[in-house]
Amino acid sequence: MTMRVAIVGSGPTGLYTFQKLIQSAEPLSIYIFEKGDRAGIGMPYTSDANDRRMLANIASIEIPSLEQSYFDWLSTLPRAILRSYGVEPETFDVRTFTPRMLLGEYYRAQFVSLVARAEANGHSVFIHEGTEIEDVVPRGARARLATTVGPLKEEFDRVILATGHMFPIDDDPTDHYYPSPWSGLIDADIPASSVGIMGTSLSAIDAAMAVACQHGRFEQEADGSLSYSPKDPDTALQIALLSRSGVLPEADFYCPIPYQPLQVCTGDALKREVSTGEEGLLDRAFELFVTELKLSDPAWVRKMKLSELDADGFCDAYFAARLASDPFKWASQNLLEVERNREAKVTVAWRYAILRMHEEFEELYPELDEGDRERFDRGLKKVFVDNYAAVPPESIRRLLALRDAGLLQVAGIGSDYEMDVLADETVICAGDETYRFHVFIDARGQQSLGSKDIPFPTLRNMLVRTGSEIPEVGDDYSLVDPPELEGLISLGALPFLMHDRPFVQGITACAEIGAAMGHAVRQQSRRKRRRLAMA
């Protein structure tokens, strides 16, 4: 009997799972369920949640290929189409940052090609667009699915949950408070008034762009700089980006891809430290971190007096200069440095070393005891996030243009602030400062979720009854507790994996997770075939 597989969600994780599945020599029946109107795109890249000015923070060189690379696909598009998305046909390359909507169209095109390849390889594919799965119901060795309009008759040998991001739902929608940038902001008519945005990451910047572009436009000047012109010269629009520290992200920097190997702080070296024992593990790992930086960029290490710092003090030293500087002045200087280095293909060694080490520390994180995890979250984690979450240079140019137009400020509100969402405004009190906003957008990004947040009632109840606050998955992302779910339900949704993987995000993580889930199904299919043959 042909193995029947359900993929719930057809964004990047679902697509990379599908890509691996259809490499199976055994014919599979693959059912793809997408609650949106078009399968193969994913929420962060749809027109419902974006406009053409919102940029993805990943370039073609970093995106794992499907049927073809993103750059090769872009190269097939007519010049007029590229220009309509703000991409210059004569100058774009593998490191160009493009709009999220254009990346979504790439994934849709690859989905169509993957379906064709699947059918050519003898697989049966069933696509259910506009179909939201409401429940996952395990029944012995198989599972059934229920949609919002009723249960499905099919039973599945494997259910792969690739549901992607989950942001708060606005239970009491208003025209002045948005619990995430994905909760109707794009279609909203935002008045030219005081707008507060919680966060300074790319999501927050995009929220600011969504508002600003309703009230004016960005223009390229003759000298290459960017300016912003409001439709109304007397506009009352004022945008504030708020965060604990009040620093802006830095611009994405040039570096070799694929990554060059680390010399000291390698995965094997960290595993040896794990084998030594939990006590002092973070401090021993930090010593390897420092040694790697000494080899990579000794001048920067001396400047930072890194030899005098420990795992707790490094974060403060790392951010000290930025905190002491005007955020826009720092952003302007950083942008000039990044653009100069990109042109000359120069890599800042210490930045590159930290970028590569964040992946090794993510593997170490589950091995840390509770105290070391808390220390890591307070310190090194912030450094790693700041480094890998660098934003497209164009996003920094846009922020500077809004600042030059007198429409943007950045404020640090610390961690001890109070926020009240009132009937007609949002008020934030931070120390001696009080901020009042007619419109407020919470753009702090995806928060980690646990068993109680699983959106499928039957499955959620099974997980909660185990007593585990966090869904436990194996190396192939199969749920392993309760045991009857192992090999039946795979959980590849990023929000539920963040507890033990603090940096799990983005397309590269989707590709790794999808490949692991797809490979596990292929192995399961072969095992089932052998058992049938022996019988």
Side-chain angles (χ1 to χ4, degrees), residues 1-43 45-46 63-70 72-73 76 103-133 136 142-145 147 152-164 476-478 487-493 507-508 510-530 532:
M1 180 178 177
T2 303
M3 186 176 184
R4 190 176 287 160
V5 183
I7 303 176
V8 181
S10 66
T13 302
L15 286 192
Y16 289 109
T17 305
F18 186 40
Q19 179 190 39
K20 182 62 69 171
L21 281 178
I22 65 175
Q23 295 171 10
S24 171
E26 301 290 344
L28 301 173
S29 292
I30 304 170
Y31 292 69
I32 299 171
F33 299 93
E34 170 56 50
K35 68 178 180 180
D37 293 334
R38 300 174 71 211
I41 297 178
M43 183 274 292
Y45 311 107
T46 64
I63 298 174
S65 296
L66 289 161
E67 288 294 273
Q68 60 186 150
S69 74
Y70 185 40
D72 287 344
W73 179 80
T76 68
L103 183 53
E105 290 303 315
Y106 162 72
Y107 278 122
R108 171 67 179 188
Q110 298 308 292
F111 173 67
V112 172
S113 295
L114 285 170
V115 171
R117 179 180 291 274
E119 293 181 341
N121 288 351
H123 304 294
S124 300
V125 181
F126 305 89
I127 302 168
H128 297 268
E129 296 174 315
T131 303
E132 183 173 1
I133 299 301
V136 177
R142 293 185 174 85
R144 298 195 73 172
L145 302 179
T147 74
L152 300 173
K153 64 179 181 180
E154 294 87 0
E155 291 191 338
F156 298 95
D157 300 287
R158 189 83 166 215
V159 175
I160 294 170
L161 302 177
T163 47
D476 63 354
Y477 299 93
S478 172
L488 178 62
I489 311 291
S490 296
L491 181 61
I507 289 172
T508 53
C510 294
E512 175 259 307
I513 293 167
M517 293 192 296
H519 179 72
V521 174
R522 290 173 54 197
Q523 293 294 103
Q524 183 179 0
S525 174
R526 285 197 288 271
R527 285 198 301 272
K528 286 193 171 188
R529 286 280 172 175
R530 285 199 295 271
L532 286 171

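Treat the numbers as computed from the prediction; the structure is a model and nothing was measured.
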Audit row: Arg522, Asp476, salt bridge (charged side-chain N to carboxylate O under 4.0 Å, His left out) steps and yes/no: CA-CA 11 Å; Arg522 290 173 54 197; Asp476 63 354; over 6 Å; no
Within the side chain of Asn121, is there an N or O that forms a donor-acceptor pair under 3.5 Å with the backbone of His123? no
Applying salt bridge (charged side-chain N to carboxylate O under 4.0 Å, His left out), name anything that partners Arg108, two or more places apart in sequence or on another chain. Glu129
With sequence neighbours excluded, what pairs up with Arg4 under the salt bridge (charged side-chain N to carboxylate O under 4.0 Å, His left out) test? none
Using the test salt bridge (charged side-chain N to carboxylate O under 4.0 Å, His left out), find all partners of Glu154 that sit at least two apart in sequence or belong to another chain. none
Do the non-hydrogen side-chain atoms of Met517 and Thr13 ever get within less than 4.5 Å of each other? yes
Can you give me the closest heavy-atom contact between Leu145 and Val136, atom names plus distance? CD2-CG2, 3.8 Å
Residues forming a side-chain hydrogen bond (donor to acceptor under 3.5 Å, both in side chains) with Tyr107, sequence neighbours excluded: Tyr16
Interatomic distance, NE2@His128 vs CD1@Ile7, rounded to 0.5 Å, equals 12.0 Å
Does atom CZ of Arg144 have more than 12 heavy-atom neighbours from other groups under 6.0 Å away? yes
If you apply the rule side chain to side chain contact (heavy atoms under 4.5 Å, CB included), what do you find for Tyr477 with Glu512, and how did you get there? CA-CA 11 Å; Tyr477 299 93; Glu512 175 259 307; 2.7 Å; yes
Taking atom types as modelled, is there a side-chain donor on Tyr106 or Gln68 under 3.5 Å from an acceptor on the other? no
Are the side chain of Ser113 and the backbone N or O of Ala109 linked by a donor-acceptor pair below 3.5 Å? yes
Taking salt bridge (charged side-chain N to carboxylate O under 4.0 Å, His left out) as the test, write out the residues that go with Glu119, two or more places apart. none
Quick one: side chains of residues 27-37, donor-acceptor pairs under 3.5 Å with protein atoms, not counting sequence neighbours, listed by atom name and distance.
residue: Glu34; atom: OE1; partner: Ser10; partner atom: N; Å: 3.2
residue: Glu34; atom: OE1; partner: Ser10; partner atom: OG; Å: 2.7
residue: Glu34; atom: OE2; partner: Gly36; partner atom: N; Å: 2.8

